[in-house]
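Here the structure comes first, spelled out in structure tokens, and everything after it is commentary.
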2 protein chains.
Amino acid sequence: MPAQAATESETGYLPEPARAEIRLEKVLSALSDPLRLNIVRAYLLDAGGVERSCSWFAIDRPKSTRTHHWKVLRESGIMRQRMVGLEKRNTVREEDLDARFPGLLDLVRAWEPEAE
Amino acid sequence: MPAQAATESETGYLPEPARAEIRLEKVLSALSDPLRLNIVRAYLLDAGGVERSCSWFAIDRPKSTRTHHWKVLRESGIMRQRMVGLEKRNTVREEDLDARFPGLLDLVRAWEPEAE
DNA sequence: GAACTAGTTCGATTACAGTCGAACATACAC
DNA sequence: GTGTATGTTCGACTGTAATCGAACTAGTTC
């Protein structure tokens with residue numbers, strides 16, 4: 001759970017590994033899938049550091065597949081998620097990942113999807 | 001193939017992607033396997049930057065499984081391999097990977113296998 | 001040429017991961 | 001209470017990857 005004590009407006013956070021529990025091999029595995037890598041990259045480059053809903057970034061997949069990928073990203077410790085009403089708000093755990101794996105998120109920012 | 005033209009003592013290099021062709025998602029995928037991550041880490045920390053044979057670092061797997069993993073490491077662009085007589089000599093492509101993905105190899109060096 | 005060694009290939013098995021449709025749960029608006 | 005929207009779960013299917021034994025290849029030593 002995020003560092004500060006939960007208040008009313010901060011409840012609804014989904015379970016996530018603590019900073020010290022984030023494993024490099026889990027993060028690398030999550031990011032090795034181009035679809036997830038693209039999601040994280042979009043949040044880093046275009047979300048402006050604020051929470052965005054799942055539908056903010058269009059994922060060309062059925063809902064169940066999207067749910068699967070968001071779960072992988074959260075459980076690996078890359079994304080933080082909380083429910084607000086109907087929708088899930090997501091952010092990249094930039095502070096945690098920069099502390100644990102300095103430079104990794106810069107590589108994600110610099111990555112470009114392979115041309116079709 | 002390595003940048004300089006092959007001479008007699010440099011023949012035997014196995015096919016590998018050119019520096020510009022090394023893909024982040026391929027490298028992350030190769031490194032997401034703890035066995036391979038451990039191999040690369042050992043070469044970075046203990047090989048002293050010189051070529052070492054496949055058997056220099058004991059991999060607790062049958063030969064065919066080891067062949068499989070070495071192939072993944074080479075084809076992703078992480079390891080460079082060449083045959084000398086019977087054995088394969090391996091090095092981490094540190095210069096290439098530092099140029100392409102600055103900081104990534106430091107994360108590998110800093111990684112520690114999960115306690116059993 | 002035989003024996004030994006490092007490593008490969010093949011094919012099969014197992015495990016894991018990505019895929020998705022259908023049914024479902026929940027929050028919200030009216 | 002109904003309708004709509006976001007997202008989940010379940011189970012099944014498909015694809016990918018790790019596993020390994022057996023047979024094999026090639027280099028080296030004697």
Side-chain angles (χ1 to χ4, degrees), chain A residues 8-16 23 25-40 43 51-91 113-114, chain B residues 8-16 23 25-40 43 51-91 113-114:
Chain A
E8 188 71 10
S9 61
E10 282 165 344
T11 55
Y13 280 97
L14 279 74
E16 62 181 37
R23 295 288 306 172
E25 65 272 24
K26 292 287 188 187
V27 168
L28 297 184
S29 177
L31 293 176
S32 69
D33 181 84
L35 190 143
R36 291 195 292 269
L37 187 51
N38 210 27
I39 293 170
V40 179
Y43 272 76
E51 284 178 325
R52 303 283 186 176
S53 71
C54 292
S55 56
W56 167 75
F57 180 73
I59 305 172
D60 182 28
R61 290 289 193 281
K63 292 190 290 179
S64 47
T65 306
R66 293 184 227 150
T67 296
H68 161 75
H69 285 292
W70 280 115
K71 186 177 180 182
V72 172
L73 286 172
R74 173 173 49 83
E75 291 184 348
S76 66
I78 295 170
M79 303 293 295
R80 168 164 293 140
Q81 297 187 290
R82 70 186 178 109
M83 296 302 300
V84 175
L86 282 171
E87 55 177 37
K88 215 175 265 170
R89 302 285 179 78
N90 315 297
T91 50
E114 206 152 29
Chain B
E8 189 70 12
S9 60
E10 284 166 342
T11 55
Y13 280 98
L14 278 73
E16 63 181 33
R23 296 287 307 172
E25 67 271 23
K26 293 286 187 186
V27 169
L28 297 184
S29 177
L31 293 176
S32 70
D33 182 87
L35 190 143
R36 293 194 293 267
L37 188 49
N38 210 27
I39 292 171
V40 179
Y43 271 76
E51 284 178 326
R52 302 284 184 175
S53 71
C54 292
S55 57
W56 167 75
F57 180 72
I59 304 172
D60 183 27
R61 290 287 195 282
K63 293 191 290 177
S64 48
T65 305
R66 292 185 227 150
T67 297
H68 162 76
H69 285 292
W70 281 113
K71 185 176 181 181
V72 172
L73 287 172
R74 172 170 52 83
E75 291 185 347
S76 65
I78 296 170
M79 302 292 294
R80 168 165 293 141
Q81 298 187 289
R82 71 187 176 110
M83 294 303 299
V84 175
L86 280 171
E87 52 177 40
K88 214 175 266 170
R89 304 282 180 80
N90 315 297
T91 49
E114 204 153 31

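Proteins come first, then strands; the chains are lettered A, B, ... in the order of their sequence lines, and each starts at number 1. No experiment lies behind these values; they were computed from the predicted model shown. The basis for the numbers below is simple: all heavy atoms, side chains too, and nothing from hydrogens, waters or symmetry mates.
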As a test of reading the structure: which of [options] is closest to the side chain of [X], going by heavy atoms?
| X | options | result |
| --- | --- | --- |
| A/Pro62 | C/dA6, D/dT6, C/dG21 | C/dG21 |
| A/Arg36 | C/dT19, C/dG18, D/dA18 | C/dG18 |
| A/Val72 | D/dT6, C/dG18, C/dT19 | C/dG18 |
| A/His69 | C/dT5, C/dT19, D/dG7 | C/dT19 |
| A/Lys63 | D/dG7, D/dT19, D/dA18 | D/dG7 |
| A/Leu86 | C/dC20, C/dC28, D/dT28 | C/dC28 |
| B/His68 | D/dT19, C/dC20, C/dG7 | D/dT19 |

[X] has an atom [atom1]; how far is it from atom [atom2] of [N], in whole Å?
| X | N | atom1 | atom2 | result |
| --- | --- | --- | --- | --- |
| A/Arg89 | D/dT6 | CZ | P | 13 Å |
| A/Arg61 | D/dT6 | CZ | C1' | 19 Å |
| B/Met83 | C/dT5 | CE | P | 16 Å |
| A/Arg66 | C/dA17 | CZ | P | 22 Å |
| B/Lys71 | D/dT19 | NZ | C1' | 15 Å |

(message) Looking at the base of C/dG21, is there any donor atom on it, or on the side chain of A/Ser64, that sits under 3.5 Å from an acceptor on the other one?
(response)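 Indeed there is one.
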(message) Tell me if a side-chain donor or acceptor on A/Arg66 pairs with a main-chain N or O of A/Arg61 at a distance below 3.5 Å.
(response)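 Here the side-chain-to-backbone pair exists.
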(message) Taking the six-membered ring for Trp, are A/Phe57 and A/Trp70 closer than 6.0 Å centroid to centroid?
(response)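 Here the rings of A/Trp70 and A/Phe57 have centres that are no less than 6.0 Å from each other.
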(message) Please tell me if B/Thr65 has a side-chain N or O lying less than 4.0 Å from either OP1 or OP2 of D/dC20.
(response)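 Answer yes for this pair, as a side-chain N or O of B/Thr65 is under 4.0 Å from OP1 or OP2.
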